[in-house]
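Here the structure comes first, spelled out in structure tokens, and everything after it is commentary.
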Amino acid sequence: IYKQTGVVENVTFTDVTFDNDSSLNATSSESAFINADNLFNLKITNCEFNLKRLSAGIFITFGKAFITNSSFSGAKQLAIFFRQSCQNSIISGCSFTGKEGGDAAIFLETGCSNIAITNNTFDGSDAYDPTIVDAGKLISAVQFDAKVHNCTISGNTVSGYGMGFRLELG
């Protein structure tokens, strides 16, 4: 699903490996394996996103997703980006490793609500250069826009990031 602009519903991926190559070399977080404006009831279970520091994993503008027991390694920008209005979504039991730069492994933007981020593992040991004084330490496991609300955050393990969870005000 790439640069899909119409409404897409009820898409399921189970036990799929998304293995990147240089054909999906990202210039922004919109360069992702799954990129859709309106994607509702996306279910991803036991999948691997081997991004090889070339792209993002999932970019949804409006929709709802259930992402469970999956792994995201080597995201160039954001592993998961819920933009605008993704409501009633779950990210649970996933692992995030080897992230390169950018804002966060997961970014929830304005209008997202009722999101559960539970029992995930975030290893940010490759996420930033500790010798950088300012911007490098702003990389976080999860970043929230100021207008995200009613989220459940529990049981997550975060290591190696400048900060674990960051609320962006403004």
Side-chain angles (χ1 to χ4, degrees), residues 11-14 18 28-30 32-36 38-51 55-128 130 132 134-170:
V11 175
T12 300
F13 293 102
T14 304
F18 298 87
S28 74
S29 56
E30 292 183 33
F33 272 105
I34 297 172
N35 178 330
N38 298 282
L39 180 55
F40 295 89
N41 296 320
L42 169 67
K43 294 179 183 166
I44 295 176
T45 306
N46 298 322
C47 291
E48 292 181 41
F49 288 79
N50 299 320
L51 304 171
S55 73
I58 300 168
F59 180 97
I60 302 173
T61 304
F62 298 96
K64 179 162 76 171
F66 306 95
I67 304 166
T68 58
N69 302 318
S70 296
S71 64
F72 296 81
S73 64
K76 182 173 184 177
Q77 297 285 334
L78 306 165
I80 299 173
F81 188 7
F82 288 167
R83 189 165 192 209
Q84 303 296 320
S85 184
C86 292
Q87 300 177 359
N88 306 309
S89 294
I90 295 171
I91 302 169
S92 183
C94 297
S95 66
F96 299 86
T97 60
K99 184 174 173 338
E100 175 189 283
D103 288 314
I106 299 172
F107 192 118
L108 306 179
E109 200 170 63
T110 299
C112 291
S113 64
N114 302 315
I115 308 289
I117 300 175
T118 61
N119 303 313
N120 300 291
T121 301
F122 300 89
D123 179 357
S125 56
D126 293 337
Y128 73 99
I132 298 172
D134 296 318
K137 295 192 184 218
L138 292 179
I139 296 171
S140 56
V142 180
Q143 181 173 338
F144 301 90
D145 193 300
K147 295 178 181 159
V148 171
H149 56 279
N150 296 332
C151 292
T152 300
I153 310 297
S154 69
N156 298 289
T157 302
V158 178
S159 64
Y161 280 93
M163 59 187 71
F165 296 86
R166 176 171 64 143
L167 175 61
E168 184 177 86
L169 300 174

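When a residue number appears, it is its place in the shown sequence, counting from 1. When reading the values below, keep in mind they use all heavy atoms of this one structure, side chains included, and skip hydrogens, waters and symmetry mates. Here the structure is a predicted model, which means the values were calculated and not measured.
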*Going through the distances and angles, do F59 and F33 end up as a ring pair (Phe, Tyr, Trp, His ring centres under 6.0 Å)?*
CA-CA 8 Å; F59 180 97; F33 272 105; over 10 Å; no

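- Side-chain atoms of I80 and F72, non-hydrogen and from C-beta on, do get closer than 4.5 Å to each other.
- Contact detail for S70 and T45: the closest heavy-atom pair is OG-C, 3.8 Å.
- Separating the CG atom in L42 from the OG atom in S89 is a distance of 8.5 Å, to the nearest 0.5 Å.
- In this structure, NZ in K147 is found 13.0 Å from SG in C112, a value given to the nearest 0.5 Å.
- In summary, of the residues considered (I106, D145, I115), a side chain to side chain contact (heavy atoms under 4.5 Å, CB included) with F82 occurs for I115 alone.
- F122 has its side chain out of reach of T97: every pair of non-hydrogen atoms, C-beta onward, lies at least 4.5 Å apart.
- Of all the heavy atoms in A32 and I58, the pair that sits closest is CB-N, 4.1 Å.
- Ring orientation note: the planes of F49 and F18 are close to parallel, at an angle under 30° on the 30°/60° scale.
- Listed by chain and residue number, nothing satisfies the ring pair (Phe, Tyr, Trp, His ring centres under 6.0 Å) test with F165 (two or more places apart in sequence, or in another chain).
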*Start with the C-alpha gap between N156 and N119, add the side-chain angles, then the distance that decides, and say whether side chain to side chain contact (heavy atoms under 4.5 Å, CB included) holds.*
CA-CA 5 Å; N156 298 289; N119 303 313; 5.6 Å; no

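- Here the side chains of N120 and I91 are in contact, with some heavy-atom distance below 4.5 Å.
- Proximity of I44 to I34: side-chain heavy atoms (C-beta onward) are separated by under 4.5 Å at one or more points.
- Contact of the I67 side chain with the C94 side chain is registered, since non-hydrogen atoms from C-beta on lie closer than 4.5 Å.
- Aromatic rings of F107 and F144 (six-membered ring for Trp) have centroids beyond the 6.0 Å cut-off, not under it.
- For the atom pair L78 CG and E109 CD, the distance stands at 9.5 Å (nearest 0.5 Å).
- Judged by distance alone, the side chains of T118 and S92 do bring a donor and an acceptor atom under 3.5 Å apart.
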*Apply side chain to side chain contact (heavy atoms under 4.5 Å, CB included) to C151 and L108, showing your working.*
CA-CA 10 Å; C151 292; L108 306 179; 4.3 Å; yes

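- A heavy-atom distance below 4.5 Å is not found between the side chains of I117 and T152.
- Here the straight-line distance linking atom OG1 of T121 with atom CG of D123 works out to 9.0 Å at 0.5 Å rounding.
- For Q87 and S85, the side-chain atoms include at least one donor-acceptor pair closer than 3.5 Å.
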